[in-house]
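Notes follow the structure.
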Amino acid sequence: MMKEQVLARIENRTATVGIIGLGYVGLPLAVEFARAGFTVIGFDVSQRVCDLLNSGASHIQDVPAAEVAAFVKSGHFRATTDANELKPADALSIAVPTPLGKTHDPDMSYVQAAAATVAHVAHPGLLVVLESTTYPGTTREVVMPLLTGAGYTVGTDIFIAFSPERVDPGNPVYNTRNTPKVVGGITPACTELATALYSSCIETIVPVSSTEVAELVKLLENTFRSVNIAMANEMAIVCDKLGVDVWEVIDAAATKPFGFMKFTPGPGIGGHCIPLDPHYLAWKMRTLNYRTRFIELAGEVNTAMPAFVVEKVSQALNSVRKPLNGSSVLILGVAYKRDIDDVRESPALDVIRLLEAQGAVVSFHDPYVASIRDDDGHGGDSHEPPRIRKSVELSPAALESYDVVVIVTDHRSVDYQEIVDHAAVVVDTRNATAATKKGKATVVSLSSSRTTSLA
Ligand code: SAJ
């Protein structure tokens with residue numbers, strides 16, 4: 001009976017939807033539910049974020065301020081730091097961070113706090129959906145006990161599901177609405193209600209049989225990427241030892257119309273997904289005395305790439321009789337991937353640290369990143385105030401003043417012809433100079449010990 005009532009309120013849009021966590025996952029979701037006609041209450045612990053949203057502005061690149069303003073004005077959306085305002089919600093989606101500690105142990109404190117908030121505002125008929133990427137079993141072991149402990153029966157008067165977030169910030173094609181959404185409930189009734197809720201604003205829903213299946217889907221997706229990127233990185237090392245251009249090998253392999261998917265090597269992997277997500281699964285399996293060797297090996301290969309890049313820089317300087325120690329190095333691109341401004345877990349930060357540890361004098365230029373702090377992306381543990389570095393201007397004179405330029409992130413907006421025309425030595429970890437004509441620079445690729453000294 002309770003299920004039917006909730007279903008009806010979802011169908012006729014009289015349901016109130018709460019979103020806990022208004023970041024790059026929660027805010028787009030809140031806007032989609034508001035667009036579907038629901039009254040949406042967004043909860044965040046940041047008063048600054050709530051004030052900003054209620055003023056009709058947006059702190060998330062993919063959510064236009066005009067959309068936030070329209071839904072605030074129409075009364076379909078409001079943000080609050082007061083959890084009590086979530087009490088009228090018929091459905092609550094949790095989209096809070098699940099960071100990893102330094103030893104790759106999941107930090108569940110945000111999920112636990114959110115689940116406690118849900119328990120505080122729970123009422124018969126409430127639907128709760130966890131979206132935060134986490135280890136399999138979290139929904140059942142962390143969220144469910146807090147609610148059933150309060151006397152609710154899952155599938156009868158409380159409904160719980162997991163639905164992985166697939167938000168790719170800055171993706172011009174895929175957004176919250178048109179990316180298929182996997183949904184798995186503790187019981188079939190939970191899956192049914194969560195499917196009805198998300199069907200109101202997302203084009204394709206993929207119901208699965210349990211929360212564990214849904215939790216594992218996300219981890220498989222991102223472990224798949226980490227392992228395949230590591231394979232591409234190992235191929236770069238293989239090609240380097242054989243004096244072969246790895247990019248040529250991969251481009252030719254990618255002509256296979258079936259049974260192959262192109263991944264490219266690079267200076268390592270960054271971002272808040274790929275370097276972290278697979279370790280949730282590795283951690284869970286360690287508690288079951290099983291070593292997920294692909295995850296751990298991929299992690300080792302990927303995290304060794306910054307040191308490999310530094311070795312290539314040292315070789316490149318050596319080829320022009322310069323020691324790394326004391327040489328001036330320009331890092332070109334510090335964001336974790338091209339055409340974005342996010343430096344979280346960026347391998348560029350590791351490359352800079354490793355170069356400076358060998359005495360190099362390092363500057364950076366990134367058209368999307370104005371400055372970086374030494375503890376950026378890693379939550380530095382130094383007790384020194386973190387050093388702030390600003391992006392330097394690019395000019396022919398500036399390029400000529402460095403002993404080596406290292407292309408770490410291949411932003412499309414950079415003129416690589418200018419780089420090879422004016423730099424003395426270039427280490428290209430992304431094949432960004434592939435389309436350039438011969439210039440002054442000695443260009444060293446990530447993967448061939450041959451340097452193309454260009455006449
Ligand atoms: N990278 C490589 N070689 C590759 C692909 C990526 O070195 O062939 C590096 C990137 O430079 C970056 C890191 O790996 O440093 C991660 O790159 P990514 O393309 O996986 O981008 P992310 O971290 O933004 O991943 C997100 C994920 N989205 C979600 O988790 C919802 C991922 O599942 C998406 O597949 C990815 O975006 C995407 O395709 O854009």
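When reading the values below, keep in mind they use all heavy atoms of this one structure, side chains included, and skip hydrogens, waters and symmetry mates. Residue indices begin at 1 and follow the sequence shown. Ligands are counted one by one from 1 in listed order, and the atoms in each one are counted from 1 as well.
Residue contact annotation: Asn171 has no non-hydrogen atom under 4.0 Å from ligand 1.
To the nearest 0.5 Å, the span separating CZ on Arg373 from CZ on Arg389 amounts to 12.5 Å.
With hydrogens left out, the protein atom closest to atom 37 (O) of ligand 1 is Asp168 OD1, 2.9 Å, a heavy atom. Scanning the protein for heavy atoms near atom 35 (O) of ligand 1, the closest one is Arg225 CD, 3.2 Å. Summary of contacts: the protein heavy atom closest to atom 33 (O) of ligand 1 is Asn222 OD1, 2.7 Å. Atom 1 (N) of ligand 1 has Ile229 CD1, 3.7 Å as its closest protein atom, hydrogens excluded (heavy atom only).
Counted by atom type alone, Ser445 and Asp428 present zero donor-acceptor pairs between their side chains at under 3.5 Å.
Close N/O approach between Tyr336 and ligand 1 is found [any backbone or side-chain N/O within under 3.5 Å]. Geometrically, ligand 1 and Lys262 share no nitrogen or oxygen pair separated by less than 3.5 Å. Between Glu165 and ligand 1, no N or O atom pair is found at a separation short of 3.5 Å. For the pair Gly270 and ligand 1, the shortest N or O to N or O distance falls below 3.5 Å.
Applying the ring-ring contact (aromatic ring centres under 6.0 Å, His included) test to every pair with at least one member in residues 205-262, sequence neighbours left out, gives these pairs: Phe224-Phe263.
Looking at Asn233, Val173, Ile269 and measuring to atom 14 (O) of ligand 1, the nearest heavy atom belongs to Ile269. Considering each of Lys337, Met261, Arg338, the one bringing a non-hydrogen atom nearest atom 21 (O) of ligand 1 is Lys337.
With a 4.0 Å cut-off on non-hydrogen atoms, Val167 touches ligand 1 through its backbone and not its side chain. The part of Lys218 lying near ligand 1 is the side chain, judged by heavy-atom distances below 4.0 Å. Residue contacts with ligand 1, taken as heavy atom pairs separated by less than 4.0 Å, do not involve Arg344 at all. Both the backbone and the side chain of Thr264 come within contact range of ligand 1, each with a heavy atom under 4.0 Å.
Aromatic ring pairs are classed by plane angle as parallel below 30°, tilted from 30° to 60° and perpendicular above 60°; the pair Phe38 and Phe33 is perpendicular.
With ligand atoms numbered from 1 in the order given, ligand 1 contributes 8 (O) to contacts under 4.0 Å with heavy atoms of Phe263. Every atom of ligand 1 is numbered from 1 in the order shown, and the set under 4.0 Å from a heavy atom of Arg430 is 7 (O), 11 (O). Which parts of ligand 1 touch Arg166 is read off a 4.0 Å heavy-atom cut-off, strictly below it: atoms 31 (C).
Here the side chain of Thr409 pairs no donor or acceptor atom with the backbone of His411 at under 3.5 angstrom.
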